[in-house]
Amino acid sequence: MWTYDKQASPEDFMTVQLFVPSFRIEECLSEIRECLEKGWTGLGFKTAEFETAWKNYTGLPHAHFLNSNTVGLHLAFQLFKSKYGWKDDDEVITTPLTFVSTNHAILYAGLKPVFADVDEYLCLDPDSVSKLITDKTKALIFVGMGGNVGRYQKILEICREHDIKLVLDAAHMSGTRVNGKHVGGDADVSVFSFQAVKNLPTADSGMICFKEAEDDERVRKLTWLGINKDTYARTAAQGAYKWMYDVEEVGHKYHGNSIMAAMAIVQLKYLDIDNSFRRQLAVWYHRHFDGHNRVTVVPTAKGCESAQHLLQIRVKNRDVLMLALNEHGVYPGVHYRDNTDYRMYAYAAGTCPNAAAASKEIISLPLHLRMSKADVDLVSELVLKYAQ
């Protein structure tokens, strides 16, 4: 462990970063090499292999590999809107405490985000949600903040009662389980992220998992420009490239590629043990902060085995504390700024007081596989020293 000396220069200190991705490099290179040797790096044999592995791991019935979580959210709303005849400006209940891609995806589809407040888990508050349901409410998007499920079960019940489509933004939830079962199976669609700093890191990719087979079949066309059979299928099925195909609707180029899938295949093998280590880091943090009223750790819902993508605390002097940590070579983050602070969502400013308050207090502390207990001890000691 290092100590801070104001007479020393910054170069003398080791730093503790918020996120540092870890890759099983040789195994990843071996999988990628197979792609290069076969001359197939795009949509194809590795993406199909990873989709099967993901379904086996999660127990979800369908999985389609994408180039990001964001495009998956867009596809979910676009598909449901056209399937069910939703109109422009029909409403989707959402959270203001999320990465902006969650809410941008609603706008991409020409729908209107309606912001509900959050609870102590920083997830959607069911009571707030219930008050916002109208005849124009068509869907709800639930964000599993940091891998937490919050009061998801109650949200699910509300959606089923009112015939509202439930979209699970599971960007932080790879490996999250409730009572031993992986999340996502009871949502109408779940979308995961495998971006570089997520628990299952690639460079950037994602997975969309629809509940219904017909939606999975259609989204595979939408991710390949609306073409009814992808290049790999046209080649593999006949042994020769078949150029004649139909374009059934206007789609996008949103599919994932075999290089990213090759990395994901390796990373998935280690996801559970990696998440277990993240939860151990969280335990060490808790031991430092429990009993200190100046620091509140955002709790994990009962029965949730969280992927523990984040370890979030709340303090009253967030900005001052972050600067103090930076001076000591510790670089935390904030997940997230209240989205109603942004101009495109400012119409809802002031409607979600819990989210607004949290947005001014939350800090995500360093949490990654290269950390040691000594790192956790150091960060915690600094937080307790400077928190007010």
Side-chain angles (χ1 to χ4, degrees), residues 1-4 13-20 97 117-125 144-152 172-173 175-179 199 274-338 353-388:
M1 182 184 300
W2 56 271
T3 57
Y4 180 69
F13 307 132
M14 51 184 289
T15 61
V16 184
Q17 300 291 336
L18 172 63
F19 295 133
V20 180
L97 208 63
D117 215 344
V118 300
D119 56 18
E120 69 270 29
Y121 305 110
L122 305 184
C123 297
L124 281 176
D125 181 349
M145 178 69 79
N148 206 347
V149 296
R151 293 187 172 88
Y152 173 80
H172 296 176
M173 304 181 87
T176 290
R177 294 180 175 85
V178 178
N179 299 322
N199 292 36
D274 289 350
N275 284 348
S276 178
F277 182 70
R278 290 173 178 275
R279 288 190 292 273
Q280 181 59 61
L281 293 173
V283 168
W284 289 333
Y285 273 123
H286 272 278
R287 288 175 182 169
H288 282 281
F289 298 137
D290 287 351
H292 291 274
N293 56 19
R294 289 175 291 120
V295 179
T296 301
V297 180
V298 175
T300 298
K302 185 177 181 181
C304 174
E305 183 181 73
S306 175
Q308 202 67 64
H309 178 61
L310 300 175
L311 190 289
Q312 294 173 287
I313 61 171
R314 298 181 66 161
V315 295
K316 296 300 183 183
N317 65 331
R318 192 268 307 283
D319 295 346
V320 171
L321 174 57
M322 289 188 72
L323 287 174
L325 292 174
N326 290 169
E327 288 180 357
H328 290 285
V330 175
Y331 299 96
V334 173
H335 295 86
Y336 293 94
R337 184 180 177 188
D338 182 348
N354 294 340
S359 180
K360 294 179 174 63
E361 297 177 356
I362 48 177
I363 299 179
S364 297
L365 296 181
L367 191 79
H368 56 80
L369 302 181
R370 303 189 191 188
M371 289 186 68
S372 65
K373 185 176 184 299
D375 293 326
V376 174
D377 293 343
L378 170 66
V379 175
S380 301
E381 289 163 8
L382 290 170
V383 167
L384 289 172
K385 180 177 179 180
Y386 293 106
Q388 295 180 1

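In summary, the side chains of D274 and N199 do not present any donor paired with an acceptor at a separation below 3.5 Å, with no hydrogens or angles considered.
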Mind running side-chain contact (heavy atoms from CB on, under 4.5 Å) on V178 and Y152 for me, showing each step along the way?
CA-CA 10 Å; V178 178; Y152 173 80; over 6 Å; no
Evaluate the criterion side-chain contact (heavy atoms from CB on, under 4.5 Å) for residue pair V376 and M371; output intermediate values, then yes/no.
CA-CA 7 Å; V376 174; M371 289 186 68; 3.9 Å; yes
Could you walk me through whether L281 and L311 pass the side-chain contact (heavy atoms from CB on, under 4.5 Å) check?
CA-CA 9 Å; L281 293 173; L311 190 289; over 6 Å; no
Would V298 and T296 count as a side-chain contact (heavy atoms from CB on, under 4.5 Å) here? Give the steps.
CA-CA 6 Å; V298 175; T296 301; over 6 Å; no
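Taking the six-membered ring for Trp and thresholds of 30 and 60 degrees, H335 and H309 have ring planes more than 60 degrees apart, a perpendicular arrangement.
L384 contributes atom CG, which lies 8.0 Å from atom NE2 of H288 (distance to the nearest 0.5 angstrom). In this structure, L122 CG and S359 OG are separated by 10.5 Å, a value rounded to the nearest 0.5 Å.
Between the D117 side chain and the A355 main chain, a donor and an acceptor come within less than 3.5 Å of each other. R294 contributes no side-chain N or O that, together with a main-chain N or O of Q388, makes up a donor-acceptor pair within less than 3.5 Å. Under the 3.5 Å distance criterion, the side-chain polar atoms of Q308 are matched with a main-chain donor or acceptor of L310.
Under the rule for a side chain to side chain contact (heavy atoms under 4.5 Å, CB included), the partners of Y121 that lie at least two apart in sequence or sit in another chain are D119, C123, N148, R151, P299, A301.
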